[in-house]
Amino acid sequence: MRAILRVERLTKRFGGVHAVRECSFEVRQGSITGLIGPNGSGKTTVFNLITGMIPADDGRVIFAGQPIERLPRWERAHRGLARTFQITRLFREMTVLENVVAPLSRFSWRALAQSAVSGPERRRAMELLDFVGLSQLAHRKAGELSYGQQKLVEFAQVLMQEPKLILLDEPAGGVNPAMIDRLAGLVRELNRRGTTFLVVEHNMPMVMSLCDPVIVLARGSKIAEGSPKEVQNNPAVLDAYLGD
Amino acid sequence: MKAHSTAAAPAGNAGPRAVRGARWAAAAVVLGLALLAALPALGINQYYQNMLLLTFLFCVLGCGWNIMAGYAGYVSLGQSAFLGIGAYTAAILAVRWHLSPFLVAPLGGLVAAVFALAVGLVVLRTRGHSFVIITIALLFILQIVALNWPQLTNGSTGITLPLPPFKKPWQTAPFYWYMLALAALSVWLSAWIRRTKFGMGLIAIREDEDKAGIIGINTTLYKITAFMASVFFTGIAGGVYAYYLTFIDPIGMFNILLSVQTVLVTMLGGRGTVWGPVLGAFVLEPLNETSYAYFGSNQSHLVVFGLAMMLIVLFLPRGIIPTVGDWWAARTAAARGADGSAQAAAAAGTAPGAGAAGPRAAAAAVGEEDSA
Amino acid sequence: MHLFLQTVMLGVLIGGVYALLASGLTLIFGVMGIINVAQGALLILSCYFAWLVWQTTGLDPMWISILAAPLMFAVGWVLYRLLIVRVRGAHATMSVLLTFALAITLEGILGVIWTGNFRSVTPSYFSQSLRIGDFFFPTAQVYGSITAVAVLLVLYLILSRTREGRAIRATAQNRLAAQLVGVDADRVAAFTFALGAATAGVGGAILSVLYPFAPGSHYLWISRLLGIIVLGGMGSLPGAALGAVILGVAETLTSTYISLKWATVVFYVVIFVVLLVRPQGLMGTRLREDVQA
């Protein structure tokens, strides 16, 4: 199958230190790809580079057949790229519903003048809140929700963009086991409906049950890729985690 | 058009109670406007007409500043620079074209907006502090330019505008009405922005600008557009103000004191709320006149303003409207019991798109970034 | 060519003074993330202090500047404990508004006491020139620049050799990490703010000879200083020095070849152009910290 995302020789230095070094990999359309690696291996930086949070020093990012590494982050979003954050970021003073309708999947002057929470969007946002099981909290301020609930709101927010590819940055971090199962269920359900995922995660059981293939980063580069089983049995991966 | 019909409809699930509230609020606004417009005809004296006129001016300045500082979270310390730009535009054009400054004042708004566009293209492309810094310098740069470009601005001599043709006792009333109209339009613009997708985008930028970009909001365009919107009516008001004064010079027109008062007015009433600047203007301007009567000089005035601003920042950082709004919401919630709190919050205007449910509700719905 | 060299050298001398003035501002921003809009007002406060001491004792303003440093350090410390500490952790707009309010208050107080008239300190060498090789420089400017650079060196030593200084630099580089290794953030912030005020103290005394001042002059200075640190990159000390020299040279070149009155405006044109090309300033970097939180 074809690749929806192709990263080519991506490089980022922070004051002389290579956070990401000539990193190349692909994400197959329709897959749930895992991205793992020891702390500081550059996973989150790779996410930041792909989504345009920070500019890359070198390398290319091809999304849906087009280079996007020079586009501003909102245009990357408009092309169908979405992400969540390691530490959930919501607009805390807005309501949950406002948070979910906030994303824009394209730009038009006319849309700017529309009511903030208008008919069809509002219905869709309520559906999504229903999907993540939070519709009863729609009118609460986002900042008042528990951490796990905020993660779900961010999830609904991401879905509002109707993205082709969703980057999840540690979806299981800091949430209880029941919530992890629920998130994994949601990801599988959406994947069945055609959304591709790239998941950074430290929770290995979750990665091994959810993702295929799994890409392993160490020191900013890809060192291995394969099915969960292959990766688990790869000596290079073991070395990277144990330190060499 | 679908979008318009939904925009006009009362927001979301706001119940009949909210709809009735919105009607009452709208009626109160119309009545208040009519009353204010009638005052000169009812024969209030020049002193009060002048005071109200300046109050309207501060409404214009405050509502404009609030779009940038309250909604988008970008503080400008040079809002009065755009008043000066509007004043000079209107004065220069009125003298050259032999037209009434009233007619050319709107061009001042356009010139101000173009200035905002130029400044915005330089300092609003990234997140960060360049904006506030440039706005401090802007006032100062424009003053130097106005002083040193006599061919255009007549330098330090200043410009005398055509004498207004209005006869006593109507010599102030036309300015009063013009400024009232601008104040009303400023409030309308601010309220309209607040309840559109544009306004929600600005608040998203205030809350977390990087995240706003990630979810597809073109933050640069939003901020520059907001900056232009925030200075447009201020520019027009500059022309009207210049005509009212009949004389302008660089020192008087690019005056930091007006910027200080703009900030103060909005902070006092409630930054990020639609009616905050209006409330602030109506509280501050009469106090202003009184303190002039007592303290006289500009210098002691600065001390009063400076201390007032410090006190507000330290002890009333969200301003009157949000603080009172929260207190009221907490009170009603307590009165209804714990399980009714969600509905109480919704009724108090925390419901999404509450802007459509009346300005008062919108005011309560706007958040305040400083809790983060 | 001679005129050109003379102009550039004078610009560098002026830049030295600007560098000292901007150092406090950029230090405070680097460590605390606060734009101290009151820095210009603290400068003018010190101008009046120098003027007062000079009037009553006739002491050379360059010596007064050394006296002003500890005094303004104390003022800075008190201001931090009394006001600034209350907006730590709040949104950046609050600190801007608070320091803006402080600036206005100081301007007002100075105006009430000494009126809005311009003053200057005029020691014996005030209108003399110093000949160095083939070039002539205003004596006061040379003394001022020497004092400024000496104080900058002291500042550098404080930052690199003392415990407090190292804590400041650690905090500026990585606030969280500094706290993790046991740096008392509040103490560092107070010390930084006080140090920033002390540089304004020295700088103000030097300025009082070089430029006439009035209570309202602080707008001019804060505009210039903020321009310098935007140009150099917010929070970067070498950047501030570079920006200061660029401003100094831009001003002298403009006043020599075009006209004195456009000197300041030309500098802002430079800033605009630089920001268009490099929004983070000349020596600013966009670090990982920019992205997270």
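Below, chains carry the letters A, B, ... as their sequence lines are ordered, and counting in each starts from 1.
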Does the side-chain contact (heavy atoms from CB on, under 4.5 Å) test come out yes or no for C:E107 and B:V303, once each step is laid out?
CA-CA 8 Å; C:E107 181 191 350; B:V303 181; over 6 Å; no
Interatomic distance, C:T99 atom OG1 to B:M309 atom CE [nearest 0.5 angstrom]:
10.0 Å
To the nearest 0.5 Å, what is the distance between CD1 on B:I136 and CD1 on C:I35?
7.0 Å
Segment of B:L121 engaging chain C (4.5 angstrom heavy-atom cut-off)
backbone
Give the minimum heavy-atom separation between B:A137 and C:S223, together with the two atoms involved.
CA-OG, 3.7 Å
Residue B:L314 versus chain C: region with a heavy atom under 4.5 Å
side chain
Find the one option among C:L98, C:I229, C:V230 whose heavy-atom pairs under 4.5 Å with chain B are most numerous.
C:L98
Non-hydrogen atoms of chain C under 4.5 Å away: do they reach the side chain of B:V123, the backbone, both or neither?
side chain
Given a strict heavy-atom distance threshold of 4.5 Å, which part of C:L220 is in contact with chain B: side chain, backbone, both, or neither?
both
Chain B contact via C:I222 - side chain, backbone, both or neither, heavy atoms under 4.5 Å:
side chain
How long is the straight-line distance from CZ of C:F100 back to CG of B:L264, given to the nearest 0.5 Å?
10.0 Å
Separation of C:I104 CD1 from B:L302 CG (nearest 0.5 Å):
7.0 Å
Just how far is it from atom OG of C:S259 to atom CG of B:N148, taken to the nearest 0.5 Å?
6.5 Å
With rounding to the nearest 0.5 angstrom, report the OH to CD1 distance, C:Y268 to B:I144.
7.5 Å
Take B:F305 and C:T105, measure what side-chain contact (heavy atoms from CB on, under 4.5 Å) needs, and give me the verdict at the end.
CA-CA 7 Å; B:F305 285 154; C:T105 312; over 6 Å; no
Side chain, backbone, both or neither: which part of C:L106 has a heavy atom under 4.5 Å from chain B?
neither
Relative to chain B, which segment of C:V37 carries a heavy atom at a distance below 4.5 Å: side chain, backbone, both, or neither?
side chain
Between B:I134 and C:I271, what is the shortest heavy-atom contact and its length?
CD1-CG2, 4.5 Å
Can you list the steps and then say if C:R86 with B:V313 is a side-chain contact (heavy atoms from CB on, under 4.5 Å)?
CA-CA 10 Å; C:R86 293 168 199 268; B:V313 170; over 6 Å; no
Using every non-hydrogen atom in the two residues, find where C:A101 and B:G306 come nearest and quote the distance to one decimal.
CB-O, 3.5 Å
Measure distances from C:L97 to the heavy atoms of chain B and classify the residue's part below 4.5 Å as side chain, backbone, both or neither.
both
